[in-house]
Amino acid sequence: MLPNSNLFVPRIWDFCKRSILGWNNASKINALEIDLIEFNKQLAQIEKEIQSLDSQLKKRRQQTSSLENFMRFTDSSEIDWRSAELDCQNLQKQKQQLEASSDHLKQLEAQLESTKEEIAQADQRRTALIGEIRTLENRQRQAQIEQRDCEIKLQSVTASAIEKFVTRMAVKLRQYKMTLEAIAQDESDLQKYLEQELRLRERQQDDSRSALTIRMHNFKNAFPEITVELAITLDFLDEYLQLKTQIEHDDLPRHEERFKRLMTGKVIEAIVGFKGQLEKQEEEIQENIDELNKSLRQVDYTDLTYIELCYEPSHNQEIKNFKEDLKICLGDVAYQSAEDNEQRFHNIKTRLIERFKSQEQRWTLLVTDVRNWLGFSVIERYRSDNIEKEHHTDSSGKSGGQKVKLAYTILASAIAYQFDLNQDTAKNKSFRFVVIDEVFSKSDDNNARYAMELFKNLNVQLLVVTPKDKINVIESYISSLHFVSNTLEGNFSSITSISIEKYRQKRQLTLSKSHD
């Protein structure tokens with residue numbers, strides 16, 4: 001160990017901090033970091049000492065303040081707390097002695113308050129009892145008055161009337177207690193019940209009076225010859241009842257016999273006529289269609305086929321039921337007994353008359369329009385052998401041209417049916433005029449010629465309104481042309497008529513000039 005090592009080492013350490021040996025300064029950095037740590041420790045120690053000195057300084061300042069406050073006292077009695085404590089203890093003992101000596105006084109005061117309360121309660125009970133006595137006295141006087149009134153009322157009603165009332169109102173009376181305390185309320189409730197019953201009977205009486213007046217009025221209007229001396233008032237009710245009795249005993253059997261005659265004769269005959277008229281209309285429709293088919297057979301629908309209208313009974317269930325009801329109403333004509341006729345009349349009333357009155361208008365129009373009794377369709381047949389080619393019930397699945405052609409056929413048939421045209425009547429001088437307004441403007445020429453040929457075979461009187469470019473289509477089917485023109489201002493129209501022969505001549509002359 002070197003002599004004086006404590007001094008030697010720091011010199012070497014200080015030398016490391018100040019100098020750098022070689023190219024590496026790591027030793028200098030380590031030395032500086034160690035100094036920094038040591039300085040931080042010394043700084044922390046100094047801060048602790050400062051805090052300790054601050055705390056001692058605060059205590060010294062507090063002591064100084066206390067000494068200054070103490071120096072303000074000039075008399076020792078001002079800080080003599082022991083004497084004040086002894087005085088407080090003596091006063092507390094005196095208080096306890098006084099409280100102990102006053103218990104008897106408190107008991108007397110409590111008894112006095114209790115006695116006052118009992119006196120007040122007794123006064124209240126006395127006042128209440130006096131009030132109850134007065135109330136009972138008033139009730140007694142009122143009861144005596146009511147008793148005298150009841151005795152007077154009881155004397156005015158006989159014992160039998162009371163017995164009847166009790167019997168009639170037995171159920172209602174059993175609902176009441178019938179005690180003296182509840183008798184007033186029971187009487188009021190029963191009086192209200194009787195008043196309601198009275199108002200109800202009065203309303204019923206008014207309703208009966210109104211109903212009787214209305215029936216008198218209806219009866220007088222229906223039979224003026226036998227009620228000429230009777231007025232429409234209740235004063236003549238007895239006369240009306242006498243007339244009713246007379247009708248029931250004297251006139252009713254005679255009218256019943258007349259009714260049976262009408263039932264077996266007029267009514268059934270009317271239903272037979274009604275049924276026959278409907279069936280006749282159905283037959284006429286079938287005959288008209290057969291006649292139309294004769295005309296349609298003369299028109300080529302295609303080069304190889306023609307059109308035939310067909311009909312069959314309708315499949316509508318309401319129409320089937322109606323036709324069946326007509327048969328049931330007439331029944332078997334072989335049975336003509338009174339019971340059979342009465343049954344027929346009952347069927348007519350329930351199955352026809354009442355249904356016509358109660359059913360909606362749609363049903364009535366449906367079953368009485370004979371056109372609804374038949375279903376219609378179109379058959380296309382080969383002309384050579386009349387074999388069916390196609391059956392049309394509607395136009396679904398057809399091309400536009402086929403639909404138009406089929407529509408022309410049905411339209412022409414409907415027109416012929418409307419004018420009642422057939423092979424015989426068409427040649428007569430009858431009104432069968434038809435106007436066609438530009439119906440061929442968007443139609444194929446072949447379909448247009450088919451329609452014209454169809455109208456020709458049906459012998460209708462035709463007026464065709466069409467543009468000029470369609471004249472060549474209808475030329476073979478018309479006898480004259482009527483050209484309609486207007487001025488440029490559009491306020492003056494004129495018609496020029498020309499026969500088809502002159503039209504053809506002028507057209508030919510115009511064509512010849514154009515070629516030249």
Side-chain angles (χ1 to χ4, degrees), residues 288 291-292 294-303 305-307 309 378 392 394-395 398-516:
N288 289 332
E291 290 295 328
L292 287 174
K294 294 178 182 179
S295 299
L296 291 174
R297 190 163 186 172
Q298 306 301 319
V299 181
D300 291 333
Y301 188 70
T302 65
D303 293 339
T305 61
Y306 67 95
I307 286 294
L309 300 179
V378 176
H392 304 279
D394 53 43
S395 61
K398 305 297 179 186
S399 65
Q402 289 175 324
K403 290 181 180 179
V404 170
K405 196 171 184 180
L406 187 60
Y408 285 157
T409 304
I410 297 173
L411 174 62
S413 301
I415 292 172
Y417 173 78
Q418 188 68 29
F419 288 135
D420 194 20
L421 300 179
N422 53 49
Q423 294 293 324
D424 298 328
T425 60
K427 298 178 182 180
N428 298 332
K429 293 182 179 182
S430 60
F431 181 81
R432 49 188 186 278
F433 183 67
V434 177
V435 179
I436 300 178
D437 187 2
E438 294 191 19
V439 72
F440 302 138
S441 59
K442 297 181 181 180
S443 176
D444 178 74
D445 290 349
N446 292 329
N447 287 336
R449 290 189 181 92
Y450 170 77
M452 295 300 296
E453 188 68 26
L454 190 61
F455 287 125
K456 177 183 177 182
N457 281 274
L458 292 175
N459 291 301
V460 296
Q461 300 162 343
L462 197 62
L463 173 61
V464 183
V465 181
T466 185
K468 291 181 181 180
D469 58 356
K470 290 293 183 179
I471 293 178
N472 63 314
V473 177
I474 64 174
E475 180 179 351
S476 302
Y477 304 96
I478 59 177
S479 59
S480 60
L481 294 170
H482 306 279
F483 293 96
V484 180
S485 60
N486 200 351
T487 61
L488 294 177
E489 292 79 9
N491 56 5
F492 184 78
S493 299
S494 60
I495 299 177
T496 303
S497 300
I498 184 174
S499 65
I500 191 62
E501 290 80 9
K502 289 184 179 182
Y503 170 75
R504 288 171 179 167
Q505 292 174 5
K506 288 186 177 184
R507 183 180 62 183
Q508 187 63 35
L509 182 60
T510 302
L511 292 175
S512 299
K513 288 180 180 181
S514 62
H515 290 316
D516 294 340

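Here, residue 1 is the first one in the sequence, and each next residue gets the next number.
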Heavy-atom pair of closest approach, residues His482 and Ser497: ND1-OG, 2.7 Å
CG on Leu462 to CZ on Phe455, rounded to 0.5 Å: 6.0 Å
Ile500 vs Glu475 side-chain heavy atoms within contact, under 4.5 Å: yes
Reported CG-to-CD1 distance for the pair Leu481 and Ile474, which is rounded to 0.5 angstrom: 7.0 Å
Carboxylate-amine/guanidinium contact Lys294 Glu291, below 4.0 Å: yes
For Asn486 against Asn491, the heavy-atom pair lying closest together: OD1-N, 3.7 Å
Inter-residue atom distance Ser480.OG - Lys502.NZ, 0.5 Å rounding: 11.5 Å
Atom pair OH (Tyr306) and CZ (Arg297), whose distance is rounded to the nearest 0.5 Å: 4.0 Å
pair Ile498-Lys506: side-chain heavy atoms closer than 4.5 Å: yes
Reported CD1-to-OH distance for the pair Ile478 and Tyr503, which is rounded to 0.5 angstrom: 8.5 Å
Pairwise side-chain contact, Leu463 with Phe433, heavy-atom cut-off 4.5 Å (strictly under): yes
Shortest non-hydrogen separation from Ser476 to Arg504 and the atoms involved: CA-NH2, 4.2 Å
Within-4.5 Å side-chain heavy-atom neighbours: Met452 and Val473: no
Side chains of Ser494 and Ser485, donor plus acceptor under 3.5 Å: yes
Nearest-0.5 Å distance, CD of residue Gln505 to OG of residue Ser499: 7.5 Å
